[in-house]
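This report refers to the structure that appears directly beneath it.
In what follows, every heavy atom counts, from backbone to side chain, and hydrogens, waters and symmetry copies are set aside. Reminder, nothing fancy here: chain letters follow the sequence lines and each chain counts from 1.
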2 protein chains.
Amino acid sequence: MLKLSKKSEYALMALQSLGNLAAGERIAVPMLAEQRGIPKDLLAKVMQQLKRAGLVHSSQGVSGGYALARPLTAITFLDAVGPFEEALGLAPCVDRNSEGCDRADCCSLHDPMEALNRWLMAQLSTLSLAEFVAARPPVVHGCVKAPRQPTSMERRPLPCEA
Amino acid sequence: MLKLSKKSEYALMALQSLGNLAAGERIAVPMLAEQRGIPKDLLAKVMQQLKRAGLVHSSQGVSGGYALARPLTAITFLDAVGPFEEALGLAPCVDRNSEGCDRADCCSLHDPMEALNRWLMAQLSTLSLAEFVAARPPVVHGCVKAPRQPTSMERRPLPCEA
DNA sequence: CGAAACAGGACTGAAATGGTCCGATTTAGG
DNA sequence: CCTAAATCGGACCATTTCAGTCCTGTTTCG
């Protein structure tokens with residue numbers, strides 16, 4: 001879970017690099033690809049998708065290249081990664097009433113999964129790339145295993161409820 | 001992202017069903033599989049893994065079956081789903097210093113991803129299955145798209161810091 | 001002792017993923 | 001004007017992952 005695709009990884013890398021550019025400056029895919037050590041052709045595709053998503057601007061021609069459409073503080077993690085995770089979000093039967101799954105019959109987990117998904121998306125859309133790339137792992141190590149005292153999902157309110 | 005595998009889905013279903021059993025009662029795989037409409041053999045494997053993970057108890061023999069090892073309030077979402085998401089957690093270069101990735105060179109995203117992963121795992125380990133299966137999606141609809149005001153990942157403190 | 005359950009390895013077909021290749025279009029510079 | 005270098009974008013392929021099946025044990029109740 002939350003195993004991001006390579007495309008997502010490359011997108012994050014690229015956006016980070018673009019964030020280091022001076023105002024008005026551009027960078028071309030071949031250059032970027034060599035710097036980060038990623039396949040040129042694949043990165044090209046990623047950049048195209050980022051453009052379609054409106055996160056970057058491009059200019060064609062011999063001295064063309066890419067630049068951020070807005071600062072990293074105004075791009076969320078979900079923005080960056082969403083275009084590449086088509087199965088964006090979740091799990092079992094998102095594609096609701098396709099086959100079977102008449103609700104409450106086979107798949108009584110539809111609603112919970114949708115709730116969890118919504119929550120996750122909301123969380124990831126409150127994390128800007130600027131914050132993300134600056135993050136360092138917490139010193140705590142046994143963290144994942146430790147807490148065995150369940151709390152409510154609602155205790156961390158969704159941003160839109162505020 | 002967060003696209004759970006079928007096994008995870010089946011595990012959640014099975015655990016939910018097991019939660020509805022009377023104390024001391026068991027249910028066999030063939031029965032369970034038919035009730036929820038999932039392939040018998042696959043479910044069998046899932047149950048085996050759940051047993052290895054210590055979430056359920058099994059008894060063999062002709063009237064054997066499975067039962068919860070502890071109540072749903074004491075099983076977290078991460079517990080249930082973890083065993084089936086080997087790529088549990090995250091993304092690009094978790095397998096740290098395997099090839100390349102000498103840190104800060106190609107993959108300056110290693111630390112941020114690890115931080116994000118830790119955070120997610122921590123969150124999912126504070127959600128009990130009891131809460132999960134009872135969850136309903138919030139009425140708000142434009143929720144995912146709405147918030148464009150980035151906040152810090154640290155603002156939602158990790159449980160282990162408390 | 002036999003039917004029915006768990007236990008678990010081996011295998012297969014389909015789908016997704018990462019990556020490559022090639023052609024078309026645009027555009028700066030000589 | 002013409003070429004080199006860049007963005008576009010479709011087609012394609014190889015490898016892996018995944019869902020599902022099969023088959024052979026082993027346990028245990030009646």
Strictly under 3.5 Å: I want the nitrogen or oxygen pairs between protein and nucleotides 20-23 of chain C, one per line.
residue, atom, partner, partner atom, Å
C:dT20, O4, A:Lys45, NZ, 2.9

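Residue A:Gln48 contributes atom CD, which lies 14 Å from atom P of D:dA11 at whole-angstrom precision. B:Met13 places its CE atom 13 Å from the P atom of D:dA19, with the value rounded to the nearest Å. Computed from coordinates, the A:Lys3 NZ to C:dA16 C1' distance equals 10 Å when rounded to whole Å. Note: CG (B:Leu43) to P (C:dA5) measures 13 Å, nearest angstrom. Rounded to whole Å, the distance from CG on A:Leu50 to C1' on D:dC8 is 14 Å. Nucleotide D:dT21 holds its P atom 9 Å from the OH atom of B:Tyr10, rounded to whole Å. Distance CD (B:Gln49) to P (D:dC18): 12 Å, rounded to an integer number of Å. Taking atom CD of B:Glu9 as the reference point, atom P of D:dA19 lies 9 Å away to the nearest angstrom.
Near-neighbour residues of DNA chain D inside residues 25-32 of chain B, defined by a heavy atom below 4.0 Å, are absent. Contacts of residues 51-63 of chain A with DNA chain C (heavy atom under 4.0 Å): A:Gln60, A:Gly61, A:Val62, A:Ser63.
A:Ala11 and A:Ala80 get closest at one heavy-atom pair: CB-O, 4.0 Å. When all heavy atoms are compared, the tightest approach of A:Asp79 to A:Leu55 is O-CD1, 3.5 Å.
Scanning for side chain to side chain donor-acceptor pair (under 3.5 Å) contacts around B:Ser58 gives B:Lys51, with sequence neighbours left out. Legend: residues meeting side chain to side chain donor-acceptor pair (under 3.5 Å) with B:Ser63, ordered by chain and number and at least two apart, are absent.
Within the 4.5 Å cutoff, side-chain heavy atoms of A:Gln49 are placed close to those of A:Lys7.
B:Leu116 CG to A:Phe77 CZ: the interatomic distance, rounded to the nearest 0.5 Å, is 5.0 Å. With rounding to the nearest 0.5 angstrom, the CG atom of A:Leu12 is 9.5 Å from the CZ atom of A:Arg36. Note that CG of B:Leu43 and CD1 of B:Ile38 are 4.0 Å apart. Values are rounded to the nearest 0.5 Å. In this structure, CD1 on B:Ile75 lies 14.0 Å from OG on B:Ser125, to the nearest 0.5 angstrom. One distance of note links CG of B:Leu15 with OH of B:Tyr66; it measures 12.0 Å at 0.5 Å rounding. For the atom pair OG1 of A:Thr73 and CD of A:Glu131, the computed distance is 9.0 Å after rounding to the nearest 0.5 Å.
Between the side chain of A:Glu9 and the backbone N or O of A:Leu4, no donor-acceptor pair lies under 3.5 Å.
One side chain, A:Glu85 or A:Ser8, offers a donor N or O that lies under 3.5 Å from an acceptor on the other.
From one end of the helix from C:dC1-D:dG30 to C:dG30-D:dC1 to the other, with five pairs defining each end axis, the axis direction shifts by 10° (rounded to 10°).
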